[in-house]
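Fair warning: this is a prediction, and the values are worked out from it, not measured in the lab.
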Amino acid sequence: MELEELKKKINEDFNNLKLNLQTLTELRAQYLGKKGPIQEMLLEMKNLPNEEKPKLGEKVNALKQAATELFDAKKKELEERLVEEQLSKEAVDITLPGKDINTGSIHVLNKVIEEVEDLFIGMGYEVKDGPEVEQDLYNFQYLNIPKGHPARAMQDTFYVDVDRLLRSQTSAVQARTMLEYGGNKDVRIICPGRAYRRDDDDATHSHEFTQIEGLVVNKDVTMAELKGTLTIMAKRLFGDDREIRFRPSYFPFTEPSIEVDVSCFKCHGKGCNLCKGTGWIEILGAGMVNNNVLSMCGYDPEIYQGFAFGVGAERIAMLKYGIDDIRSLYANDLRQNKQFK
């Protein structure tokens with residue numbers, strides 16, 4: 001094939017074929033490959049007279065260079081067009097609303113616990129924890145409830161063996177802490193955690209519940225400080241206009257013992273179905289630490305005194321968020337958790 005004829009043939013095929021990257025590659029191999037006509041012309045030059053070789057070689061190399069540049073330019077054009085088509089198909093309309101991402105939400109009981117912890121940490125308290133499978137010694141005996149004491153019937157619980165049980169109160173952590181401190185160090189702690197009692201499951205009771213207890217022991221603590229502490233907690237949890245009142249009660253580990261009510265945050269003391277017409281809602285029990293408890297835990301009651309309180313996280317959650325059945329807190333219903341995002 002003559003040089004000019006070959007050049008014309010390349011241009012015709014290049015312009016007439018519907019080129020894509022595959023057909024372009026095939027056409028390039030057809031003309032510029034090792035078995036293509038241009039390579040054959042270069043190999044045939046050895047049969048020409050020496051004086052003709054430079055002239056023909058220059059023309060063949062010029063054709064090869066022009067064809068190479070032509071194919072390279074077309075390849076770049078096709079690749080850019082392919083990218084543009086792909087971007088056009090995958091274009092994002094930024095005016096469309098975004099997709100919702102399920103970020104999850106904290107369980108309402110954990111929300112209550114964290115809120116109480118934040119409050120008391122800010123007041124200088126430590127957060128303490130202890131085992132849920134507890135020894136009878138810490139769960140009862142160090143809390144002035146010896147074996148055979150009738151108060152044990154109020155906290156009937158689940159025994160692992162004769163000396164171990166699922167703790168019926170987080171007060172055991174208070175006893176452990178006082179013993180750890182050796183009777184000569186001030187105590188200011190709260191103890192959130194799970195507790196267990198053999199109880200009928202209904203709208204307001206569960207055999208498993210979450211208790212948050214507090215303990216302060218030092219040389220000059222009084223009932224006035226207890227009232228001030230609980231007032232701050234009530235205002236933080238239920239509103240700044242809340243008031244509290246004390247009523248006499250009985251607990252083996254405190255003396256005197258009290259029940260604590262908060263003014264109704266629904267009717268503001270006027271009387272409604274939530275407070276049963278009284279204007280007050282019972283929220284927790286408290287009192288000054290019994291001297292026997294101080295003595296058994298290593299503190300001299302002639303020098304030290306203290307106060308303690310305990311409240312159920314479920315009780316706070318139900319009152320604060322209008323939950324009418326304690327069992328719904330353990331039902332794993334995501335619809336309830338979504339309310340507290």
Side-chain angles (χ1 to χ4, degrees), residues 112-132 134-146 151 167-195 210-237 244 246 248-260 262 283-313 316:
V112 167
I113 292 171
E114 289 183 5
E115 189 173 357
V116 175
E117 287 180 345
D118 288 345
L119 169 63
F120 281 96
I121 289 173
M123 296 168 64
Y125 284 64
E126 291 183 80
V127 179
K128 288 284 190 176
D129 193 14
E132 293 185 17
E134 187 55 274
Q135 297 181 42
D136 182 278
L137 180 66
Y138 295 101
N139 193 79
F140 288 125
Q141 296 177 48
Y142 276 127
L143 301 176
N144 200 35
I145 312 176
R167 66 185 181 189
S168 62
Q169 53 198 358
T170 57
S171 306
V173 181
Q174 299 179 4
R176 286 180 173 273
T177 301
M178 286 190 284
L179 290 165
E180 175 190 343
Y181 287 180
N184 55 14
K185 181 179 177 181
D186 291 354
V187 180
R188 188 175 291 269
I189 62 170
I190 59 167
C191 320
R194 309 300 291 167
T210 308
Q211 196 173 45
I212 306 173
E213 296 204 12
L215 173 69
V216 173
V217 177
N218 59 46
K219 296 178 181 179
D220 54 9
V221 67
T222 65
M223 182 77 80
E225 185 176 343
L226 171 60
K227 185 174 182 179
T229 300
L230 297 181
T231 298
I232 292 173
M233 183 175 75
K235 290 180 181 293
R236 171 70 174 269
L237 294 175
I244 67 169
F246 290 168
S249 187
Y250 168 75
F251 304 109
F253 33 81
T254 54
E255 179 61 38
S257 301
I258 55 173
E259 296 282 356
V260 182
V262 62
I283 57 169
L284 58 87
M288 302 302 292
V289 180
N290 191 295
N291 285 346
N292 290 339
V293 174
L294 291 172
S295 297
M296 285 187 289
C297 293
Y299 283 81
D300 186 349
E302 296 296 326
I303 301 174
Y304 287 91
Q305 54 193 357
F307 66 73
F309 60 88
V311 61
I316 295 174

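The side-chain hydrogen bond (donor to acceptor under 3.5 Å, both in side chains) contacts involving residues 178-190 comprise Glu126-Tyr181, Arg188-Glu225, where partners must be two or more places apart or lie in separate chains. Within the structure, the side-chain hydrogen bond (donor to acceptor under 3.5 Å, both in side chains) test picks out the following pairs touching residues 284-309 (sequence neighbours left out): Asn144-Asn292.
Across every non-hydrogen atom of Thr170 and Pro192, the tightest pair is CG2-C, 4.5 Å. The nearest pair of heavy atoms linking Leu284 to Gly310 is CB-O, 3.1 Å. The minimum heavy-atom distance between Gln174 and Ala308, with the atom names listed, is OE1-CB, 4.1 Å. Residue Ile258 comes nearest to Met223 through the heavy atom pair CD1-SD, 4.3 Å, listed as atom of the first residue, atom of the second, then distance. The minimum heavy-atom distance linking Thr254 with Ala286 is given by the pair OG1-O, 4.0 Å. When all heavy atoms of Phe307 and Thr222 are compared, the closest pair comes out as CD2-O, 4.1 Å.
Not a single donor-acceptor pair under 3.5 Å links the side chain of Glu259 to the backbone N or O of Ser249. Under a 3.5 Å cut-off, the side chain of Asn139 and the backbone N or O of Ser168 do form a donor-acceptor pair.
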Kindly determine whether Val216 and Tyr125 satisfy side chain to side chain contact (heavy atoms under 4.5 Å, CB included), including the steps that lead there.
CA-CA 9 Å; Val216 173; Tyr125 284 64; 3.1 Å; yes
In sequence, state the C-alpha distance, the side-chain angles, and the governing distance for Leu215 and Lys128, and then conclude on side chain to side chain contact (heavy atoms under 4.5 Å, CB included).
CA-CA 11 Å; Leu215 173 69; Lys128 288 284 190 176; over 6 Å; no
Given the rule in the side chain to side chain contact (heavy atoms under 4.5 Å, CB included) test, do Met178 and Val293 qualify, once you have shown the distances and angles that lead to the verdict?
CA-CA 10 Å; Met178 286 190 284; Val293 174; 3.9 Å; yes
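Atom SG of Cys191 and atom CZ of Arg167 lie 8.5 Å apart (nearest 0.5 Å). A distance of 10.0 Å separates OH in Tyr142 from CZ in Arg176, rounded to the nearest 0.5 Å. To the nearest 0.5 Å, atom CD1 of residue Ile244 and atom CD1 of residue Ile283 are 7.0 Å apart. Between the CG atom in Leu226 and the OG1 atom in Thr231 there is a gap of 9.0 Å [rounded to 0.5 Å]. Interatomic distance, CG of Leu179 versus CG of Leu137, reported as 8.0 Å (0.5 Å rounding). Taken from OG1 in Thr229 to CZ in Phe309, the straight-line distance is 7.0 Å, to the nearest 0.5 Å.
Side-chain contact check for Val173 versus Glu213: every heavy-atom pair is 4.5 Å or farther apart.
The number of heavy-atom neighbours closer than 6.0 Å to NZ of Lys235, taken from other residues, nucleotides and ligands shown, is above 12.
Taking the six-membered ring where the residue is Trp, Phe253 and Phe251 present parallel rings, their angle staying beneath 30° rather than reaching 60°.
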